[in-house]
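Have a look at the structure below, then the notes.
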Amino acid sequence: MKKSNSLKTISAALLSGLMLGLSVNHIGGVSFAFLLPVCMLGIFSALEKLDTLKSWLLHAFVFSFTALSLALLGFTWIELLAGKIMVTLISFLYTLPFALLWFLRKRLCTESTRSFALLALIWPPVAWFVTEKLFAVPITLFSNGLANYPVFIQFIDLTGYTGISAWVIVLNVFILLVYKSIRQNSLAELTGSKDFLKLSGAAMLWFALPLLYAWYSYTALPATFQGYVTATVIQPGYPQDDPEREEFQIDIALALTDSAVAQTRPDIVVWPEAALPSSVRTDENALLFMADRVLRWQTPVATGMMDMEQAPTPLPPLQQYLNRDYFYYNTAAMITPQLGWRVIMENQRADALNVYRKVNLMPFTEYVPFSDRFPFLSRLVLEFGENNHFKAGASGTTMTFLTQDERIVHIIPYICWDILFASTHKAENLQRAHLITTHTSGRLFGDDIKTSLIGIKNYARLRSVEARKSMLKSSTTGYSFFTNPFGEVLGMIEPFTENYSTERVPLNQGLSLYSRFPNGFPVLCLLALILLTLYPAKKTNPKSHDHQNKERKKHPRKTSK
C-alpha cells in the first residue's frame, strides 16, 4: 500500500472514530448523536481498500482508540494513568470484531460492501463479553450515543443495549451502499436503477423500524402501568470552599428535604450516593437521628451510605494487609416512617435493615483489580478512592415503602457504577420492583468536565427502557432527574447546583422480554456467526474476478451487471 493511500485510509478511520466519539457527547448543549448513521462510513471505506489482516487491525485500532478517547474524556481527564491504560486495552480488544470480520469474509470468499453488515452479528457478543465478563468495562459506544434520542431505543426491551450496535452498523452499511450507487451512476441512470431504488427503500425501512416499534410501545405500554407515585430527588452538591467536608452534604440534604416535604409531600425522597456520613446499621446515634427526621417527615428516604461487616477469621489476605477486621461496603438503604417508629418507640436496632450493597465497584477508586489475591496491588488505588477498598455485594431483594395513600411499592436500587451494567440485578428482583432508584456521586469530575455525567444520564435511560421501569436518580452534583419507562428524562436538575426536583412517575411491575433473557440477543448473533462459518462458501474464478476489477477501473461510473 502506497504512503499516500495509507494516509488517506488512516484519516478515514480517524474521522470515523471522531464521529463515533462525538456522538456520545454534547458540545454547547448540542447532542452529536445524529452522526451515528454515518459514523462507520470512513472505516468501512478504508477497509475496502485493504487486503491484509495487519492493515485491518491497525485501522481498527485507530478507529477504536479515537472513539474511546472522546467518549471517556471525563474519566481519562480525572484518572489520567488508569484512563489511558483502560482506553488502550479496550481499543486493542475492539480490533477483535474487525479481525473476525476479515476472517469471515475470507471464509465466505466475498469482498462486497454488503459483507460489512456481518459486523452487526460480530459486535454484540464481543461487546457483551468485554463488558459483562472480561474487564467489566462498559464501553457501549453505539448505545450510549443513541440514548440521546429515546424514541430510537424503545426496541431494547427486546434485545438489550447490544441490539443498538447491530442496528447502527447495518444502517451505516445501507447508507454506504446508497452513496456508492450515487457515485457510480449518473442522475438519469439513478432514476431508472432498480438496485438504487431497492437500496434506498431498504435504508429507509431499516431507519423506520425503531420508530414503528416506538409507536407501538407508546400506544400499548401505558395500559400496563400500576398507577403513579410522587417522588422527590435531592441534589445537595458540595460547597466550593471545601468540597471534601461530607458533613456539609448531609446538612444541605436535610434542608432541601424539609422544603420538599413542606411544599409537595412526596411519596418517597431519594438521596445520593454516600449521603449519610455514618452507617445507620452500626452507628446508634446516626440511626436515632435519621429515624427522628423520617418520622417527622412521614416520608420514606432511599439513601446511599457506607456500611461495615465483621470479616471472618482468619482474616482474608487483603484485610490483613490493610489491618482491618471488617469489610467496607458502598450501600443503599430505605428508611421508612414505620422503621423510625420502631427505633424510637420500641428501641429497635437496625442490624436487620434491608440494604443493597453495590455490585459493580469502580476500578482503581473503590477497589484495585486482583488486590484480594495480591494485597500489595491495593497501593495502586487513586486518591479519589480515599483508601476505602470496598467489597462487592450481590443483587439484593426489593425494598418496600407505603405511599401517602397507603399503597405498597417496591423499589430496587443502583449505586453509581452499577447503572453502567444491565446485569446488576437478577430477573426475579427486577420482576417485583415497581421503580428503580439510582444513587450517584459526580464530585470527582469537578465543574469542568461533563462528558461522564452525560454518559451516566444516557446509561440511566438505557437501563430504564430495558427494564421498562421509571427511575429516580439522585446525584451529589448532577445530573439528578427522573425517567419514565420510555427513558424520557423529567425534572432534571442541572449539574453543580443545590436543589430538589419533584415529579409524578408511573409504576410498572413485571419483566420485559430482555429482562427475562438478558443474554438472548448476543447468543443469537453468536449462533448465526457459527452457522455462517459452517456454511459452504461459493468458489469464485480468480481470473473472472480480476477481469471485473479491471472493467470497474476503466468505467467507474457504470454498474456491473
- prompt: Is Lys358 salt-bridged to Glu366, going by a charged N under 4.0 Å from an acidic O?
  reply: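 Counted as a salt bridge, because a side-chain N and a carboxylate O are separated by less than 4.0 Å.
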message: One pair to check against side-chain contact (heavy atoms from CB on, under 4.5 Å): Thr9 and Leu47. What are the steps and the verdict?
response: CA-CA 8 Å; Thr9 55; Leu47 296 179; over 6 Å; no
Is any side-chain heavy atom of [X] less than 4.5 Å from a side-chain heavy atom of [Y]?
X: Phe390; Y: Tyr367; result: no
X: Pro485; Y: Leu221; result: yes
X: Trp123; Y: Ile169; result: yes
X: Trp417; Y: Leu361; result: no
X: Ile164; Y: Val168; result: yes
X: Phe98; Y: Ile43; result: yes
X: Val126; Y: Leu93; result: no
X: Leu119; Y: Met40; result: yes

- prompt: Under 30°, 30 to 60°, or over 60°: which ring-plane class applies to Tyr356 and His425, parallel, tilted or perpendicular?
  reply: tilted
Mutual orientation of the aromatic rings belonging to Phe116 and Phe44 [parallel < 30°, tilted 30-60°, perpendicular > 60°]: parallel
- request: For a salt bridge (charged side-chain N to carboxylate O under 4.0 Å, His left out) with Glu48, tell me which candidate from Arg105, Arg114, Lys180 qualifies.
  value: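 So, applying the salt bridge (charged side-chain N to carboxylate O under 4.0 Å, His left out) to Glu48 and each of Arg105, Arg114, Lys180, only Lys180 qualifies.
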Modelled atom types, side-chain donor and acceptor of [X] and [Y], under 3.5 Å:
X: Ser512; Y: Ser515; result: yes
X: Thr424; Y: Asn360; result: yes
X: Ser55; Y: Thr52; result: yes
X: Thr476; Y: Ser441; result: yes

For [X] versus [Y], what's the shortest heavy-atom pair and its separation?
X: Ala13; Y: His59; answer: CB-O, 3.7 Å
X: Pro495; Y: Tyr479; answer: CD-CE2, 3.2 Å
X: Cys525; Y: Ala120; answer: SG-O, 4.3 Å
X: Ala117; Y: Val173; answer: N-CG2, 3.7 Å
X: Ala33; Y: Gly145; answer: CB-O, 3.2 Å
X: Leu199; Y: Phe174; answer: O-CD2, 4.5 Å

With no hydrogens and no angle check, is any side-chain donor or acceptor of [X] less than 3.5 Å from a backbone partner on [Y]?
X: Asn172; Y: Cys39; result: yes
X: Ser11; Y: Leu7; result: yes
X: Ser181; Y: Leu177; result: no
X: Asn508; Y: Arg468; result: yes
X: Thr440; Y: Cys416; result: no
X: Trp215; Y: Pro210; result: no
X: Thr159; Y: Ile156; result: no
X: Ser23; Y: Leu35; result: no
X: Ser480; Y: Ser475; result: yes
X: Gln154; Y: Ser217; result: no

Would you give the length of the straight line joining atom [atom1] of [X] to atom [atom2] of [Y], rounded to the nearest 0.5 angstrom?
X: Leu176; Y: Leu171; atom1: CG; atom2: CG; answer: 11.5 Å
X: Ser64; Y: Tyr94; atom1: OG; atom2: OH; answer: 8.5 Å
X: Ile419; Y: His439; atom1: CD1; atom2: NE2; answer: 10.5 Å
X: Lys469; Y: Asn484; atom1: NZ; atom2: CG; answer: 13.5 Å
X: Ile175; Y: Phe207; atom1: CD1; atom2: CZ; answer: 8.5 Å
X: Trp56; Y: Thr95; atom1: CH2; atom2: OG1; answer: 12.5 Å

field: Distance flag, aromatic centroids of Trp128 and Phe521, threshold under 6.0 Å
entry: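 No.
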message: Ring centroids only, cut at 6.0 angstrom: are Phe65 and Phe63 within range, meaning strictly under it?
response: no
field: From CA spacing to verdict: side-chain contact (heavy atoms from CB on, under 4.5 Å), Ile415, Thr438
entry: CA-CA 6 Å; Ile415 303 175; Thr438 302; over 6 Å; no
task: Evaluate side-chain contact (heavy atoms from CB on, under 4.5 Å) for Val24 paired with Phe32, printing each intermediate quantity in order.
output: CA-CA 7 Å; Val24 179; Phe32 280 74; over 6 Å; no
Greater than 12 external heavy atoms within 6.0 Å of [X]'s [atom1]:
X: Phe517; atom1: CZ; value: no
X: Tyr179; atom1: OH; value: no
X: Tyr218; atom1: OH; value: yes

- request: Take Leu118 and Leu108 through the side-chain contact (heavy atoms from CB on, under 4.5 Å) test and state the conclusion after the steps.
  value: CA-CA 11 Å; Leu118 294 171; Leu108 299 176; 4.0 Å; yes
